[in-house]
Protein chains: 2
Amino acid sequence: MNARRKFRREGEERRRQDLIEATLDSVAEYGLQGATLRTIALRAGVTAGLIRHYFPGKEELLQEAYTALVGRMTEQAKAALAMDGASPRQRLAAFVTANLNAPIVDARVFSLWATFLGRASADPTLARAHREGYLGFRNEVEAVVAEVLAAEQRKPDASQLRHHAIAINAIIDGLWIEGCLAGEMFSPGELAAIGINAVEAELGLAPLDQFQEK
Amino acid sequence: MNARRKFRREGEERRRQDLIEATLDSVAEYGLQGATLRTIALRAGVTAGLIRHYFPGKEELLQEAYTALVGRMTEQAKAALAMDGASPRQRLAAFVTANLNAPIVDARVFSLWATFLGRASADPTLARAHREGYLGFRNEVEAVVAEVLAAEQRKPDASQLRHHAIAINAIIDGLWIEGCLAGEMFSPGELAAIGINAVEAELGLAPLDQFQEK
DNA sequence: GGGCTACTTATACACTTGCACAACAAGGCC
DNA sequence: GGCCTTGTTGTGCAAGTGTATAAGTAGCCC
């Protein structure tokens, strides 16, 4: 009796990845409060002591988990821009659509985003991780906007470009939140349609055809 | 020695209010983790045991604190709409401006908002408090939008009105977040200007005069 | 001023937490 | 096959948690 538990040795990278994933799961489900070392370890299928073998402490584990989350989010978002052969306007629309549907619109991701961001004002490391992700995202937006306007023969100055990027970023963020928190209040594709309309209105693009008032 | 601490008896309402305020302060500064009964009590100038005299448990205290926060936020926001004598368009602009400046744009408030919202997916009570505040806010937006469009002789149907309200709500929320998280990146009034432009573009209002591209 | 009430303090307790560390065994190497 | 490294487990511990409850006292009423 009292047999020692069997275990397998995993590669370093694999274990770290599993622990980070278990951490994100735990935080999403139980919050920072409930994401204890024991909870995380249980979810990862190991015992709590092992965590200290891979991370100096709980704080570092949480920071790495957040960095991984931010990286994954912005990566997915930017991937939508990589459709070559399409017109700038089409790419912008695809970008908006991608950001306003699953898997980016997701209650679990939102829960993580909010939980970590709530600590950003007190934790410079988290704040920096967020800031970098945000600026990267906004720069992508600004680049597409420049292409779209160039295709329309318009030459906005840097300030106007920046304002457009800020506004479009806000539109996407705001709709993303609404979708995450109350997804069932919107029909499929509705958020993306609202987003595309709002973004094109912001840029002063003439509506393509249908869906105009009056 | 070992003298018992001196204390004053405060009225019930006053104590509850103080405790809720101390709770919000503690959550904003230390997060849900660090907001322990002892921390909260210390901030409120009482001892931890007293909290149980006013609240059944920590959970109820947190819920009441969040409800108070949401109530205060939406109240401030809606107050900006109560300027009679102004045109609908002016009121809408004032509404946007109020929501994109202090005291609504504030790092502490954002931290609280994010922290609590991160738990909303797991805590139905928090989720409901948020949902009610959000819908109230959006209904206000929808009402002003209806007035603005009516003044322009336009008759949008219910679906279009709803879409406008959702989009405008998103614009305000998104810019609010940007301002809270990176206020120093924007010059005073810049966010509000961006917000007004975006909102008016969404509604298809002709620009008043300056600030047009080209 | 004396007494009552209930607001407030202080102490106790069972439990959880992050972390430290010794014991152990999985899997590669010879 | 035996050994050795080190990934992994299990136990222990001090600090801190929310809650329960006894003890004390501030302030009002008479």
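Just so it is clear: chains get the letters A, B, ... in the order the sequence lines come, proteins before strands, and each one is counted from 1.
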*asked:* Generate the contact string for nucleotides 14-21 of chain D. Rules: B means base contact, S means sugar-phosphate contact only, - means no protein heavy atom under 4.0 Å.
replied: ---BBBS-
*Does anything in residues 179-192 of chain A pair up under side chain to side chain donor-acceptor pair (under 3.5 Å), and if so which pairs, sequence neighbours excluded?*
A/Glu184-B/Arg131, A/Ser187-A/Glu190, A/Glu190-B/Arg162, A/Glu190-B/His163
What pairs of nitrogen or oxygen atoms, one from the protein and one from nucleotides 23-27 of chain D, lie under 3.5 Å apart?
unit_1 : atom_1 : unit_2 : atom_2 : d
D/dA23 : N3     : B/Arg4 : NH2    : 3.3
D/dG24 : O4'    : B/Arg4 : NH1    : 3.4
D/dT25 : O2     : B/Arg9 : NH2    : 3.2
D/dA26 : N3     : B/Arg9 : NE     : 3.2
D/dA26 : N3     : B/Arg9 : NH1    : 3.3
D/dA26 : N3     : B/Arg9 : NH2    : 2.8

*Nearest-Å distance, CG (A/Leu50) to C1' (C/dA25)?*
14 Å
*With sequence neighbours excluded, give me every ring pair (Phe, Tyr, Trp, His ring centres under 6.0 Å) pair touching residues 35-56 of chain A.*
none
*Who are the salt bridge (Lys or Arg N to Asp or Glu O under 4.0 Å) partners of B/Arg8, not counting sequence neighbours?*
B/Glu10
*Send over the distance from A/Leu62 CG to C/dT17 C1', rounded to a whole Å.*
14 Å
*Listed once per pair and sorted, the ring pair (Phe, Tyr, Trp, His ring centres under 6.0 Å) pairs that draw on residues 19-38 of chain A, sequence neighbours left out*: none
*May I ask you to verify if any side-chain N or O of B/His53 is less than 4.0 angstrom from the OP1 or OP2 atom of C/dC7?*
yes
*A/Arg16 CZ to D/dG7 C1': how many Å, rounded?*
14 Å
*Would you say a side-chain N or O of A/Tyr54 is under 4.0 Å from OP1 or OP2 of D/dT8?*
yes
*Pairing residues for A/Glu29 by the salt bridge (Lys or Arg N to Asp or Glu O under 4.0 Å) criterion, not counting sequence neighbours*: A/Arg43
*Mind jotting down which residue pairs meet the side chain to side chain donor-acceptor pair (under 3.5 Å) criterion with at least one end in residues 90-105 of chain B? Sequence neighbours excluded, please.*
B/Ser87-B/Gln90, B/Arg91-B/Glu147
*DNA chain D-proximal residues of residues 17-27 of chain B, any heavy atom under 4.0 Å*: none
*Between C/dC19 (P) and A/Leu61 (CG): distance, integer Å*: 10 Å
*To the nearest angstrom, how far is A/Leu42 atom CG from C/dT17 atom P?*
12 Å
*Looking at side-chain heavy atoms only, is the closest gap between A/Arg119 and A/Leu62 below 4.5 Å?*
no
_Any base atoms under 4.0 Å from B/Glu12, or only sugar-phosphate, or nothing? Heavy atoms, all strands._
nothing
*With sequence neighbours left out, write down each residue that passes salt bridge (Lys or Arg N to Asp or Glu O under 4.0 Å) with A/Glu60, or none if nothing qualifies.*
none
*Which residue pairs satisfy the ring pair (Phe, Tyr, Trp, His ring centres under 6.0 Å) criterion with at least one member in residues 96-118 of chain B, sequence neighbours excluded?*
B/Tyr66-B/Phe116, B/Phe110-B/Trp113, B/Phe110-B/Trp176, B/Trp113-B/Trp176
*A/Ile40 CD1 to C/dC19 P: how many Å, rounded?*
11 Å
*Under the salt bridge (Lys or Arg N to Asp or Glu O under 4.0 Å) rule, collect the residues that match up with A/Arg38, sequence neighbours excluded.*
none
*Closest heavy-atom contact between B/Ala65 and B/Thr23?*
CB-CG2, 4.0 Å
